[in-house]
> 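The structure is given below, and queries will be raised subsequently.
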Amino acid sequence: MVSLPSPIVVDPMRPRPFRVARVMRETADVVTLELEAQTGPPLRFQPGQFTMLYVFGVGEVPISISGDPQKPERLVHTIRKVGAVTEALCNLRKGAVVGVRGPFGSHWPLEQARGHDVVMVAGGIGLPPLRPAIYHLLHHRQDYGRVYLLYGARTPRDLLFPEELKRWQYTLSHAPGATPVRVTVDRAEGDWDGAVGLVTSLIAPLTIDPSRTTALMVGPEVMMRFTIAELRKRGIPEENLYLSMERNMKCAVGFCGHCQLGPHFVCRDGPVLAFPQVRDWMTRKEV
Amino acid sequence: MSKAGLEHYLNEHPFFRGLRPKDLAWLAELAEPLECEVGDYLYREGEESRDFYLIQEGLVRLEIHAPGQGDLVIQTVGPGDVLGWSVMIPETRKTFSARIFQATRLLAFDAASVRARAEQDHHFGYELCKRFSRVIGERLQATRLRLLDLYGQPS
Ligand SMILES: Cc1cc2nc3c(=O)[nH]c(=O)nc-3n(C[C@H](O)[C@H](O)[C@H](O)COP(=O)(O)OP(=O)(O)OC[C@H]3O[C@@H](n4cnc5c(N)ncnc54)[C@H](O)[C@@H]3O)c2cc1C
């Protein structure tokens, strides 16, 4: 599915120690950690890949890399507090040490998308796994057609990376006056001056060349199902629709079967999968 | 835009696409282009439904007033959206206000004329009902999905 070689993982089961170099509180329950390798080379990765982050004495969880692939010396993750391990990660202070395995998994098909319009759709904590792809598009802007980032969050207070969103409005643009970044919230609050409604409502007005468009999406699976339906209505071929399936996983190397989705192990074959690979499995229960 | 241009524009729009040429011509004749400024109301809560609208450019907020809380925003509608499905039901009153939030260009269609034509020509009426049903279905689906609070904390 993807043509770029994945970086070699020496011992995929053994965590490497990384030190927390910077902690950024993004929202009430989301934190970005910048990590530096304590020994050995920085960890090179492809946009869309994830690592297993190990908080000693608490546990290990898969987290997508949210940083710039051209700046691997800082390994960046954006984490939402939902349970024991993510809470421990969000409470880490500068100087703390965590274990890192990876990078693992498939990546966004940015090579195949060259020359195409690119539509990225993120819901909630789905923006961080797309951010490395955004950086890639910015570094190689001339290789792509129109680029759109559609982002849905719960409330304006839950929006991640607000300053970058403003910058991307200009830097991702393909023409003066274009609005490549389109944001909507489920519930307006305060002085919110943007759209209110589902992220899927942002798809119909886009100016795209459907047969030459690649769509990348991350978010709750229900959101992605409806996003796919809207993108199909616009005439984008199924094989150009890619999702990051963030089903929970344990081993990250295709041993344990915890993240199985039909014939696929999300950790080994995913998290980035083309829609035809998962179409028959997305709506089934417990597969 | 000329009448012929407007007919073509309507036929390109998913809501009107596929209507008979004579219906498109009639709708193009009926359409009233409007330009609204920020803060203008297209309609207010409690008013009778007079028109339905095709938004061409801009952003419109659907709001409801809650005493003590001010105007709560239910949803926004923007370019390409059709607003005002309740016109198909005679004597309905608006349950929300529609306030212009970004300078908006739109086409307004007089509800009484549309209903009268639908009564006389059931083919036209049925085609319109199908199209408004789709709009209602999409709104209902969006509302249900928002009720799920998909981005909320997992329980
Ligand atoms: C490939 C991949 C990439 C991911 N990237 C990120 C990321 O960039 N940032 C981030 O914050 N999280 C990400 N996640 C999700 C993260 O791994 C989980 O939130 C974490 O494992 C929860 O562990 P916990 O011990 O904190 O909570 P737990 O106690 O394990 O779970 C707390 C609650 O969260 C639910 N939950 C746990 N995992 C998931 C999941 N994967 N999807 C939906 N609900 C879940 C549980 O059902 C439970 O209700 C990713 C997951 C995968 C598989």
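Just so we're on the same page: letters track the sequence lines, and every chain starts at 1.
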> At a heavy-atom separation under 4.5 Å, does A:A204 approach chain B through its side chain, its backbone, both, or neither?
neither

> Side chain from CB out, backbone as N, CA, C, O: work out which of these in A:K81 comes under 4.5 Å of a heavy atom of chain B, or both, or neither.
backbone

> Working to the nearest 0.5 angstrom, can you tell me the gap between A:T184 OG1 and B:Q75 CD?
9.0 Å

> Flag yes if more than 12 heavy atoms outside B:Y41 fall under 6.0 Å of its OH atom; otherwise flag no.
yes

> Shortest non-hydrogen contact from A:V196 to B:I74?
CG1-O, 3.8 Å

> Roughly how far, to the nearest 0.5 Å, is the CZ atom of A:R187 from the CG atom of B:D149?
7.0 Å

> Which one of A:I125, A:D158, A:V185, A:D193 has the most heavy-atom pairs closer than 4.5 Å to chain B?
A:D193

> Around atom CZ of B:R20, are there more than 12 heavy atoms from other residues, nucleotides or ligands closer than 6.0 Å?
yes

> Restricting to non-hydrogen atoms, name the atom on B:F101 and the atom on A:W192 that form the minimum distance, rounded to 0.1 Å.
CZ-O, 3.9 Å

> Looking only at heavy atoms, which two atoms of B:Y151 and A:R154 are closest? And how far apart?
CD1-N, 3.6 Å

> Are there over 12 heavy-atom neighbours, none belonging to A:H174, within less than 6.0 Å of that residue's NE2?
yes

> B:L150 versus chain A, heavy atoms under 4.5 Å apart: side chain, backbone, both or neither?
both

> Does B:Q141, at its CD atom, have more than 12 non-hydrogen atoms belonging to other residues, nucleotides or ligands within less than 6.0 Å?
yes

> Could you have a look at A:A188, A:G152, A:G194, A:G83 and say which one has the most heavy-atom pairs with chain B under 4.5 angstrom?
A:G152

> Minimum heavy-atom separation for A:P205 to B:P79, with atom names?
CG-O, 3.8 Å

> Hey, could you give me the CD/CZ distance between B:E138 and A:F226, rounded to the nearest 0.5 Å?
11.5 Å

> Using atom types as modelled and distance alone, determine if a side-chain donor or acceptor of B:R146 lies under 3.5 Å from a backbone N or O of A:D186.
yes

